[in-house]
Amino acid sequence: MGDVLATEASVEEAEPLPGFDTLGLGEELLRGIAEAGYVTPTPIQAQAIPIVLMGRDVLGVAQTGTGKTASFVLPMMDILSGSRAKARMPRSLILEPTRELALQVAENFVKYGKHLKLNHALLIGGESMDEQKAILNQGVDVLIATPGRLLDLFDRGRILLADCKILVIDEADRMLDMGFIPDVERIVSMLPPLRQTLFFSATMAPEIRKLADAFLQNPKEIKVSRAASVATTITTGVLMVQPHDKREALRQLVRREQVKNALIFCNRKRDVDVLFKSLKKHGFSVGSLHGDMEQSARFATLNKFKADELQLLVCSDVAARGIDIGGLSHVFNFDVPFHAEDYVHRIGRTGRAGREGHAYTLCTPDDMKLLGAVEKLTGKPIPRMTLEGLDSVDPDTLAEAAERPSRGGRGRRDERGRDNNRGRGAGRREDERPRAEERPRGEDRARDEERGSHEERGRGRRDSEAPRHERQEAPREYRGRDDRPYRRDDRRDRDDLGPPVRGFGDSVPAFMLIPIPRPRRHDDAAEASTEAEAA
DNA sequence: AAAAAAC
């Protein structure tokens, strides 16, 4: 470490930290870093950059907010800055699980690389392929891609990965969650075996460890704990509400809190849309983001939100991990996430860089189990909060709900919480759901329609239906909702049938239902292959 | 249960 730097730093700080110039990066790059306003590397940058420059593989355990992106982007740029790429033969590849993350990495690349003559291609779905093809033809130093589009372009012969000697697999745990691993394995198999691989994951579950072993050679393991831990900088709270009060409760929370900017997470895309419209109608400055939206809209909304032109962003878990939005004051969980880890990722969007953050969760009686899982994972109960003017949820109801065995889907329980509350007084147990005659007819119908087929899937056939053999033979005709013909999933309890046939809706051709014979034994298979050779 | 990712 340079004496000059240490002396300068000690004037200002008690503990002098080494600057970026001590890590072995080239001059042009250092200029870019300085102009971007960065002076001191974060722990993961300080550890990883020299290792990557040495050409070693890295196994990084780190989350977003730790400066992870720069820890691989910077040394990669330094390594690549020596030479130029050939047409269609990119020299490095960064894989990201979502398009937003890919874009974010690309932005980093541009930001630091001002004084370098490197180019990159952002290969993501939802955007025109022509432009991406044109860039590939010019020769690309860094590919930043989501797996789907990369494979698509590869299969069309637009990319050769034989010269791709640096590979980054980012957010590996998320790739695993999302089922991308087969794609990633295929992509890795197209790269030269002699390469440098950098592998990042927020967690080191056994499956992730196995993947790392498969992709990496003698990696240097680098672990960095979260900059902002849940315990210290994020104020959390959970508000018990009835489902019909959720939107009102959220509005009250947002109004009550000093919300500078906030992400609001929903479990379902559909609910993102609904909540977005509702908040907009109530005059909030709000945008929405989920994976079914047009790509241009996704990026535009995110940029607006980052630029503080929108106060609230209602989103699905597409935004739960990785997306780096500085200085979020709040995170609201409109729904308790299905997976407890997602809670940690969601609320990790706030309270970053030592700033104070707030994370509030709405929880209905049906969500108690999920909330329990969250509290078990974080090892801390989330403080209960109350709001004026809302039906408070009785603790007994909650305790009962927590003990209740999990039911398929949203369950039978009346979704209108008021009725639920009334029912509790009469000591209604969960399996004694309100009888049909207690409910207004039209409503019953609407609910049935809304629940749709996933309900039946979970519960098997309904009491009102004809015995199974009759249904099987019934002519297929539309008989209306209340007396509907059998559906595909009704047959699932027949043990000679395999999994339901996909893609035919309710009218599966009969031949599709013929059971598939048991797989051949080994020697049979050998015979079959010799037959095939003879033919 | 749901979300993400290719056309």
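Each chain gets a letter, A, B and so on, in the order its sequence line appears, and its residues count up from 1.
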Next item on the list: Rounded off to whole Å, could you give me the CD-to-P distance for the A:E171 and B:dA4 pair?
Entry: 15 Å
Notebook entry, point to check: Heavy atoms under 4.0 Å, any strand shown: does A:R298 hit a base, just sugar-phosphate, or nothing?
Noted result: sugar-phosphate
Note to self: Rounding to an integer number of Å, can you tell me how far A:I159 CD1 sits from B:dA6 P?
What the structure shows: 12 Å
Next item on the list: For A:S329, check side-chain hydrogen bond (donor to acceptor under 3.5 Å, both in side chains) against everything at least two apart and list the hits.
Entry: none
Cut-off 3.5 Å, no hydrogens considered: what does the side-chain donor-acceptor table look like for residues 309-316 of chain A, sequence neighbours left out?
unit_1	atom_1	unit_2	atom_2	d
A:Q311	NE2	A:V259	O	2.8
A:S316	OG	A:V318	N	3.3

Check: Looking at B:dA3, B:dA5, B:dA2, which one has an atom nearest to any side-chain atom of A:K269?
Finding: B:dA3
Notebook entry, point to check: Does any donor-acceptor pair link the side chain of A:H339 with the base of B:dA2 at a separation under 3.5 Å?
Noted result: yes
Note to self: Which residues pass the side-chain hydrogen bond (donor to acceptor under 3.5 Å, both in side chains) test with A:N303, not counting sequence neighbours?
What the structure shows: none
Margin query: Students often get this wrong, so: under 4.0 angstrom with heavy atoms, is A:P97 touching a base, only sugar-phosphate, or nothing?
Written below: sugar-phosphate
Next item on the list: Identify whether any heavy atom of A:G126 sits under 4.0 Å from a base atom; if not, whether one sits that close to sugar-phosphate; answer base, sugar-phosphate or nothing.
Entry: sugar-phosphate
Next item on the list: May I ask you to say whether A:R251 pairs ionically with A:E248, meaning some side-chain N is under 4.0 Å from a carboxylate O?
Entry: yes
Next item on the list: Rounded off to whole Å, could you give me the CG-to-C1' distance for the A:N333 and B:dA3 pair?
Entry: 15 Å
Next item on the list: Check salt bridge (Lys or Arg N to Asp or Glu O under 4.0 Å) between A:D308 and all other residues, then give those that pass, not counting sequence neighbours.
Entry: none
Item checked: Whole-Å distance separating the CG atom of A:L123 from the P atom of B:dA6 -> 10 Å
Check: What is the distance from CZ of A:R270 to C1' of B:dA3, rounded to the nearest Å?
Finding: 15 Å
Item checked: Spacing of A:L153 atom CG relative to B:dA5 atom C1', expressed in whole Å -> 14 Å
Next item on the list: Remember a base hit wins even if backbone is also touched, and classify A:N267 as base, sugar-phosphate or nothing at under 4.0 Å, heavy atoms.
Entry: sugar-phosphate
Next item on the list: Could you list all the ring-ring contact (aromatic ring centres under 6.0 Å, His included) pairs where at least one residue sits in residues 118-171 of chain A, not counting sequence neighbours?
Entry: A:F109-A:H120
Check: Is there a residue in residues 311-318 of chain A whose heavy atoms reach under 4.0 Å of DNA chain B, and which residues are they?
Finding: A:S316, A:V318
Checklist line | Separation of B:dA3 C1' from A:D342 CG (nearest whole Å) | finding: 9 Å
Checklist line | B:dA5 OP1/OP2 closer than 4.0 Å to side-chain N/O of A:R174 | finding: no
Check: Separation of A:D177 atom CG from B:dA1 atom C1', in whole Å?
Finding: 15 Å
Note to self: Using 30° and 60° as the class boundaries, would you call the ring planes of A:F199 and A:F215 parallel, tilted or perpendicular?
What the structure shows: tilted
